[in-house]
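Report on one structure; see the data block that follows.
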Amino acid sequence: MEGRLVVCQEDVNLDESRRDVFSIEGALQSVSREQWDEFYYNLGLFRPSEGTEIFEAMWKHFVVPTLSEGDGSLARSALLYRQLEERIRETEPAEIVCASVERPSDAAVIEDIGNEYNISVKNAEYGGRRATQFAHVTAVLGLLPFFIDQLLSLILKPFVEIPERSDTLFLPAVGRFESMRPVIDRAEMDYTVIATPLTAVWHLKSVAPEMRAYDPVPINLFTSPTVLVQQVRYIVFEFGVQEAFRGRLTSELDEFMRQEFDIAIPNAIELSLRQLHQSNVYRRLLLGLLVESAIERLGTRQVAIGTESVLGRSVLLAASRNGCAGYQIPHSITTEYIAPVQLDRTIFLPSELPIEYLEEHVPKHARKTEGDLVKAGRPYLTELKRAVAETSIERSDNSFRILVATQPHDDEIRDAFVENALAAAHLLADALEADVSVVVKTHPSEDPEYYESVTGETDLPVEITDGDLRWNLQASDLVLTVNSNVGLEGIIAGTPCVCINFWNPLLYDLLYAQHAAVPILRSPDEVRSFFRSLTADDVSALRSDQTEFVEEQFVLDGSPARAIASRMESDLENRPRSDSV
């Protein structure tokens, strides 16, 4: 194999310690957080000459590290290029061979580095410009149900009651309404809740039933012939021109990457920009025009979002165009990273940790320009603490119970996490000389059946459940997670947490884990070493230390929901009212 470098995703039964084998996942897992930050935040310096609004709405999604679905994180591509380039310079191969390279973006990087160093590359399959053009056409055609629904909404509008005026719009994330509901319940201002599913879907299906008591208005009911024309023009002139000038955007980004980082990844950039061409992305961007129509019709002065997805950012852009204040009530109770392109809004945060992180670690050019970061707490956490104090849990056995909290990461990550969690449980049974049982608590977006094959090899009692989280937290003695909110919830419920994260910084460590005396295990060897020697006293000390830190840092008493609503009401009183409706 002299003169060849074999690039594999993770494991192709090759000895990865050999210099002629390069493991993509192994290389990325060796990257430090400082190296990650170099790309993540400095990528925010880029500004395109065309398509600024699409850039503002989408840019975060080109660079985020944790795309468990989809492909094309520029930060990942840049880090991979840098790591692979180092190996190329060491070994000077005449040929690069891809073996089981699964991500198209990774294959594109390998092709890019082959072109840059004039090295032949085999089996780098990532698609090309034709695939991007096909994705664009498919995305446009996928908007047909969206436009049909708006036409139906025009017919329904006279028969549906819509508020005449509303100072505040709440746009919760569907499926995450519980994060915003307590604030709405305690709001003493006039407001309207907006539902973002299609009007027909909203009326014909049981979508987000918990929202229906709040009389939400489907967003498509704010359409009009003028809005429809605006949307068509948006598709033609924004998406169409964006596609026509995509080569220029790719060139601009390529030049920026070369100047800023000395990295040449034009093919990876091309593939990353392909993320835009999805009908769901197009629809969410077009929803911004409907939100703008709602703001104008209702005389709205402030808008609150529940997600910083493409939809949330599109809503913030619409609010900004109309002089509305933007607020974000995040679903996550462990907010950490700050996106490299910030849209103006006030964010209500659960603790002081992300504010300190922003001030200490995020470069000034990547920080917010308007709005505030407010330590307001999270209603869910105060409710959890109160419920735990008022409820006792009775269990049917006396085993040491481990709760394994899963997340919808890539299958390889899910498998490795659960397998190592089970290995930890076996070791703990020996260390404590006690019976140990395992409960695999799946994420709401996962299918519990997936884990039956992963847990089938163990002889420990294992239960796979999507049942009540709080009950399972209180009924357990230890929580294992990668980087889930469940770890923090477990600490509040009196159950200490341990993180198993071999994939940092691509799966970042949450701030509570970094600071709350939470052990973060980076390899199977660390898992074995930690659990082989863990004692009952150690578990008790973890519980005490973690609880003390969380109670000090997080707002767990009072009424965070009322505090958030009061801040919005106070701002509203000091904000001038427009006479136009």
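Here Gln230 pairs with Thr226, Val227, Leu289 under the side chain to side chain contact (heavy atoms under 4.5 Å, CB included) rule; sequence neighbours left out. Qualifying side chain to side chain contact (heavy atoms under 4.5 Å, CB included) partners for Asp254, counting only residues two or more places apart in sequence or in other chains: Arg258, Pro266, Ile269. With sequence neighbours left out, the ring-ring contact (aromatic ring centres under 6.0 Å, His included) criterion links Phe177 to Tyr214. Residues meeting the side chain to side chain contact (heavy atoms under 4.5 Å, CB included) test with Ala173, sequence neighbours left out: Arg176, Thr307. A search for side chain to side chain contact (heavy atoms under 4.5 Å, CB included) contacts involving Val374 returns Thr346, Phe348, Asp372, Ala376, Arg567, not counting sequence neighbours. For Asp447, the salt bridge (charged side-chain N to carboxylate O under 4.0 Å, His left out) criterion is met by no residue, not counting sequence neighbours.
Without hydrogens or angle criteria, Asn322 side chain to Ala318 main chain gives a donor-acceptor distance under 3.5 Å. Side-chain N or O atoms of Asp167 include none that pairs as donor or acceptor with a backbone N or O of Arg301 at under 3.5 Å. Formation of a donor-acceptor pair under 3.5 Å by the Gln83 side chain with backbone atoms of Ala27 is found in this model. Here the side chain of Ser293 pairs a donor or acceptor atom with the backbone of Phe222 at under 3.5 angstrom.
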Which is it for Glu292 and Arg321 under the salt bridge (Lys or Arg N to Asp or Glu O under 4.0 Å) test, yes or no, and what are the steps along the way?
CA-CA 8 Å; Glu292 192 168 359; Arg321 288 194 298 266; 2.9 Å; yes
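Taking both residues in full, the closest heavy atoms of Val101 and Ile110 are given as CG2-CD1, 4.1 Å, listed atom of the first, atom of the second, then distance. In terms of heavy-atom proximity, Trp202 sits nearest to Arg212 at O-NH2, 2.6 Å. Contact record, Ile329 with Ser179: CG2-O, 3.9 Å, taken as the closest heavy-atom pair. Taking all atoms of both residues into account, the shortest heavy-atom contact from Asn220 to Phe146 is OD1-CE1, 3.6 Å. Taking every heavy atom of both residues into account, Pro163 and Leu298 meet most closely at O-CD2, 2.9 Å. Of all heavy-atom pairs between Ser77 and Ser105, the closest is OG-CB, 4.2 Å.
In this structure, CZ in Phe147 is found 13.5 Å from CG in Leu152, a value given to the nearest 0.5 Å. One finds the CZ atom of Phe39 at 5.0 Å from the CG atom of Leu79 (value rounded to the nearest 0.5 Å).
Remark: Arg283 does not engage Asp149 in a salt bridge, criterion side-chain N to carboxylate O under 4.0 Å.
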